[in-house]
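Note sheet for the following structure.
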Number of protein chains: 2
Amino acid sequence: MSRKPNLKDVAKVAGVSAITVSRVLTDPTKVSDKLRNKVEKAVHEIGYIRNHAASALASKKSGVLAVIIPSLSNIVFNDVLQGIYQAVKAKNLQVLLGDCHYSPLIEEQLIATLLSQSPEGFIVTGTAQTDYARKLLLQADIPVVQIMELTNQPIDMNIGFSHYQASYDMTKHLLQQGYRAPAFVGARMDPRTQQRLAGFKQAIADWPEPCRSFIQTTVQPSSIKLGGQLLQAVIAESDNQCDAVFCCNDDLALGAMFESKRMNLNVPKDIAICGFNDLEASALVEPAITSVASPRAEMGRQAVEMLFSAAGKGRHAVAPVDVGYSIMVRSST
Amino acid sequence: MSRKPNLKDVAKVAGVSAITVSRVLTDPTKVSDKLRNKVEKAVHEIGYIRNHAASALASKKSGVLAVIIPSLSNIVFNDVLQGIYQAVKAKNLQVLLGDCHYSPLIEEQLIATLLSQSPEGFIVTGTAQTDYARKLLLQADIPVVQIMELTNQPIDMNIGFSHYQASYDMTKHLLQQGYRAPAFVGARMDPRTQQRLAGFKQAIADWPEPCRSFIQTTVQPSSIKLGGQLLQAVIAESDNQCDAVFCCNDDLALGAMFESKRMNLNVPKDIAICGFNDLEASALVEPAITSVASPRAEMGRQAVEMLFSAAGKGRHAVAPVDVGYSIMVRSST
DNA sequence: AGCACCAATGATTGCGCAACCATTTTGACT
DNA sequence: AGTCAAAATGGTTGCGCAATCATTGGTGCT
């Protein structure tokens, strides 16, 4: 046999009908032990592997879960992915992963492409999908979960936490520690970073005593190195007045921390540094960096569970889930 | 229209035949401008998305690339993945990603599962596949690339570099710097880590002058924290004799570096520290950490290219590729 | 033994698309 | 205008499987 074996070939070898072979592969309990053994032997003997395309076409089940994240290089989404893969392992699912590079337009194209695989569920990051992307997702009639942030107008289901509120709390923490000239340092400036910036501004505005504040942002992607550069920039721009730096993520914060060492600045005396995401390194550098922790893997896991409990129940089958966050106060502030 | 639109629905709206719509989607140059415009308008209007299962079944092309990595949490494989995704973007391919958690048995199951999707190519990490996994891959009659390491018996194609040689060179560097009691610190102990350990041992053995060496390993997964613990352990075990620590990766090296600060050890005077993989942080901590750099994203990119240039050419269409490495000497040694 | 009922198995059919081949239209040339 | 080749378009069919319904065989009961 040169071509790939199909169900009929197995059936012939096993001396049963094709549909019986199919049943052995999908639900062995439906077949008697005798036939099942014969079939399994035949399958192994000729190395039969089911044709997924035909199976998906006939059954209208693709066994595929579509996931779009904004970046493969940002370790934050890796944690979420790990949770997703862990939850998916038990179920009979394959993950189709797309990286939209923080672009809603690329995301839209990816959604169209991934939808062509008839995924049984869709996980997208954030809430900034284009109108057409939303339309496609709604039309697909599959459960959709938007993760990472919370929104009032979810496409379907939603799990995340408030970056605005977390940032507000962190800024308040800085002010409570006595810092009166905090700076917000942001890179990439994706929607979640902007929400963090908004929380920072509001916390400053709400503070009863007078205080100054500085803002230094760039659309460049985050990196540790960039954190050092932005620290330099904000110190220069503030004319040495700023006494605390709230970095929009821990990569920048680590970079700022390393740079402050080089500049012989004492953290937290000369300047406080805090970040966001609570990467492992943040807790282990000296001084350890105050950061915002959130249960990312758990969020990924729950997103998958939501997809499953929502299957066939129409839109908004599961209420939005706020996974919360914690301000991990450490010696850097 | 409640059910999902299909080719015929689009054809009706556009006033053409179904096959014309199909052509617009697969090769627009085969259709006149007039019809193409009509079709594209209709597609967008009703939000048509091609059914991939049917397409794959009819055309015998799945448009899928299977990739297996040992860990999603190890940032090293992220770099490779990025390269893969970048290379795949241009081609009309989707990536099916599997995480085998460093287990050949899970890998074997994953290979079987992913093969059912009729991938047009397969990328696996390392060279430690089980015999049955190798058989399945060979039988599938698709191009296969083993990445990360080099091997004399590749399943098909192979791209990577010698972890043994890199480790040998790094150890030699330590000895040349005058350290005479280096320790190798390893976690996870996957095949590549073992190759690094072997390189370390050989370099010690080959060194003309007498020197001591220490080895501290664990099968626990790597982490920054673990790096600190292993540093403590190796110092204790060597009775304070060891003067250099070669960590099997940069996570451990960073942890060792942070820990050495806490222990008030001067790096590199009291103790040298070096790592492997050259993560961004390694170059930016103070003192910067000597490490082994390799072109990981480029490796991923090239692996995809190899799959393509090999398509239809049978086994070993492309010779093994050694992407090499560089010892990044920094102030920690 | 006879009956009812359920489990096990089989035959037919259609999922949605692209390959293949047939037909029509276009346009380049005499 | 007429001819022919090439380009554009359409009709029919089958990819391999599982849903559906039909049939067979077995079991427990009176």
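Naming: A, B, ... by sequence-line order, numbering from 1 per chain.
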Check the pair A/Val321 / A/Asn158 against side-chain contact (heavy atoms from CB on, under 4.5 Å), numbers first and verdict last. CA-CA 6 Å; A/Val321 177; A/Asn158 183 208; over 6 Å; no
Is any side-chain N of the basic residue among A/Asp33 and A/Arg36 closer than 4.0 Å to the acidic one's carboxylate O? yes
With a 4.0 Å cut-off on N to O distance, would you call A/Glu120 and A/Lys61 a salt bridge? no
Would the distance check show the side chain of B/His101 and the main-chain N or O of B/Asp99 forming a donor-acceptor pair, the cut-off being under 3.5 Å? yes
B/S/- contact track for nucleotides 14-25 of chain C, protein heavy atom under 4.0 Å: BBBBSB------
Audit row: A/Asn6, A/Asn51, side chain to side chain donor-acceptor pair (under 3.5 Å) steps and yes/no: CA-CA 8 Å; A/Asn6 61 21; A/Asn51 182 321; over 6 Å; no
Which of residues 29-40 of chain B have a heavy atom under 4.0 Å from DNA chain D? B/Val31, B/Ser32, B/Leu35
Could A/Arg188 and A/Asp190 be called an ion pair, given the rule that one side-chain N must be under 4.0 Å from one carboxylate O? no
Looking at D/dT9, I'd like to know if its phosphate oxygens (OP1 or OP2) sit under 4.0 Å from a side-chain N or O belonging to B/Ser17. no
Do the side chains of B/Glu305 and B/Lys91 get close enough for a salt bridge, i.e. N-O under 4.0 angstrom? yes
Which residues pass the side-chain contact (heavy atoms from CB on, under 4.5 Å) test with A/Asn74, sequence neighbours left out? A/Ser71, A/Val76, A/Phe77, A/Tyr102
